[in-house]
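All ligand and atom numbering here is 1-based and tracks the order in the structure.
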Amino acid sequence: MKEKVIIITGAAKGIGWGTARCFAAKGATVVIADMNEQAAEASAHQLATEYGTPALGIGCDVTNREQVEAMVQRTVETFGHVDVLVNNAGICPFVNVMEMEPAIWQRTIDVNLNGAFHCTQVAAREMIQRGKGGRIIFITSLAENITGPAQVDYGASKGGLRMAMVGFATALGQYGITCNAIAPGMILTDMTRFHWEKPENAAYIKKRVPMGRIGQPEDIGKAAVFLASDDAEYISGITVRVDGGYQTRAD
Ligand code: NAP
């Protein structure tokens with residue numbers, strides 16, 4: 001991964017941060033693009049210190065087209081090009097659909113789906129212009145296929161994101177750019193900690209997940225490193241489920 005430049009959105013913490021660490025551990029240059037500029041800069045500084053690799057933190061709300069364009073432009077000005085984009089930024093408000101304010105629905109779709117459109121289109125144009133291919137990875141969710149009453153907005157956004165990934169794969173293959181998704185199962189981050197740290201829910205995971213544990217952000221990061229590697233050059237348009245076997249189990 002040396003010489004590769006990786007942009008990861010929403011990477012100041014959680015799955016994005018775990019993914020940033022996995023790429024930096026392989027010697028990649030990582031751009032942490034996150035809503036929270038200070039947190040993005042602090043995380044980039046930590047990466048550079050810990051792994052001795054170049055890293056840059058940029059404040060960027062993925063729903064804002066101008067900010068996305070500025071983020072990709074600054075990446076190119078600083079490091080010369082973009083090899084990999086990881087569309088990771090996402091939210092899950094956990095509100096029952098029948099009580100949900102329309103603004104919450106709108107924001108979930110804006111961040112999880114529209115944000116990935118902006119980042120993919122802008123980064124892919126850069127990759128096409130350079131002419132050396134690229135990799136785009138979409139962090140979806142098991143909710144790309146299944147959902148529940150308090151995740152209808154989330155499921156709609158992630159199902160849409162999966163199809164956006166498939167569609168971009170058809171549009172970008174001719175340029176040597178692959179597009180794939182990773183669907184995480186239950187991963188311990190600030191998004192889900194409130195739920196999985198309750199003893200009864202922790203016990204459920206142990207029993208229900210064949211691997212017998214909750215996932216960690218690095219479990220997703222390792223899959224992302226593979227999909228970004230030369231070994232994955234002929235893989236495009238698929239979802240890799242990283243859930244410890246959870247969704248294969250019928251009981
Ligand atoms: P997290 O811990 O809440 O981290 C998400 C990061 O994204 C935060 O740094 C957040 O910044 C940032 N972010 C939010 N909105 C943004 C925006 N508009 N533009 C740029 N950055 C933004 O969540 P996570 O669990 O790591 O989730 C990462 C991705 O994995 C999401 O797409 C999520 O849907 C997906 N996922 C997670 C799980 C799980 O079990 N955790 C399972 C399946 C899929 P602020 O904190 O400043 O808002």
Side-chain angles (χ1 to χ4, degrees), residues 7-22 31-44 46 57-72 85-94 104 106-120 122 137-148 151 153-162 164-165 181-197 201-202 204-205 209 213-221 223-224 239-244 246-247:
I7 294 175
I8 310 174
T9 64
K13 66 181 187 186
I15 288 173
W17 171 236
T19 301
R21 291 172 67 94
C22 290
V31 174
I32 292 185
D34 199 285
M35 278 279 275
N36 183 333
E37 184 172 18
Q38 270 188 328
E41 286 172 352
S43 295
Q46 191 179 332
I58 303 179
C60 174
D61 178 343
V62 295
T63 67
N64 183 311
R65 181 70 179 210
E66 287 73 34
Q67 288 184 23
V68 169
E69 282 171 354
M71 179 271 290
V72 172
L85 165 69
V86 183
N87 284 308
N88 167 77
I91 57 171
C92 185
F94 295 110
I104 293 182
Q106 186 65 52
R107 183 69 185 165
T108 305
I109 302 293
D110 271 350
V111 176
N112 297 2
L113 181 57
N114 299 341
F117 160 72
H118 294 310
C119 294
T120 302
V122 173
I137 298 167
F138 297 70
I139 306 299
T140 58
S141 165
L142 300 184
E144 68 171 35
N145 287 316
I146 54 172
T147 192
Q151 293 186 44
D153 55 335
Y154 188 71
S157 71
K158 294 297 188 175
L161 187 59
R162 185 182 79 79
M165 175 278 291
I182 298 172
M186 280 80 74
I187 311 295
L188 193 61
T189 69
D190 285 356
M191 182 185 276
T192 56
R193 199 175 305 281
F194 76 98
H195 187 68
W196 297 122
E197 284 188 346
N201 296 337
Y204 168 79
I205 291 267
V209 178
R213 67 170 176 86
I214 193 161
Q216 297 298 329
E218 284 74 10
D219 290 314
I220 307 307
T239 295
V240 177
R241 207 161 17 84
V242 181
D243 67 348
Y246 172 83
Q247 215 181 326

Asks: Between atom CZ of F194 and atom CZ of F94, what is the distance when rounded to the nearest 0.5 Å?
Replies: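 Separation between the atoms: 4.5 Å.
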
Asks: Under the criterion side-chain contact (heavy atoms from CB on, under 4.5 Å), which of V86, I8, N88 is the partner of I15?
Replies: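 Option passing the side-chain contact (heavy atoms from CB on, under 4.5 Å) with I15: N88.
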
Asks: If the criterion is any heavy atom closer than 4.0 Å to an atom of ligand 1, which residues make the list?
Replies: G10, K13, G14, I15, D34, M35, N36, C60, D61, V62, N88, A89, G90, I91, R107, V111, I139, T140, S141, Y154, K158, P184, G185, M186, I187, T189, D190, M191, T192

Asks: What residues form a side-chain contact (heavy atoms from CB on, under 4.5 Å) with R213, not counting sequence neighbours?
Replies: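 Counting only residues at least two positions away or on another chain, R213 forms a side-chain contact (heavy atoms from CB on, under 4.5 Å) with Q216, D219.
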
Asks: Under 4.0 Å between a side-chain nitrogen and a carboxylate oxygen: does that hold for D110 and R65?
Replies: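 No, this pair does not count.
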
Asks: Only counting residues at least two apart or in another chain, list the ones meeting salt bridge (Lys or Arg N to Asp or Glu O under 4.0 Å) with E41.
Replies: none

Asks: Does D34 have any side-chain contact (heavy atoms from CB on, under 4.5 Å) partners at least two apart in sequence or in another chain, and if so, which?
Replies: A12, N36, A40

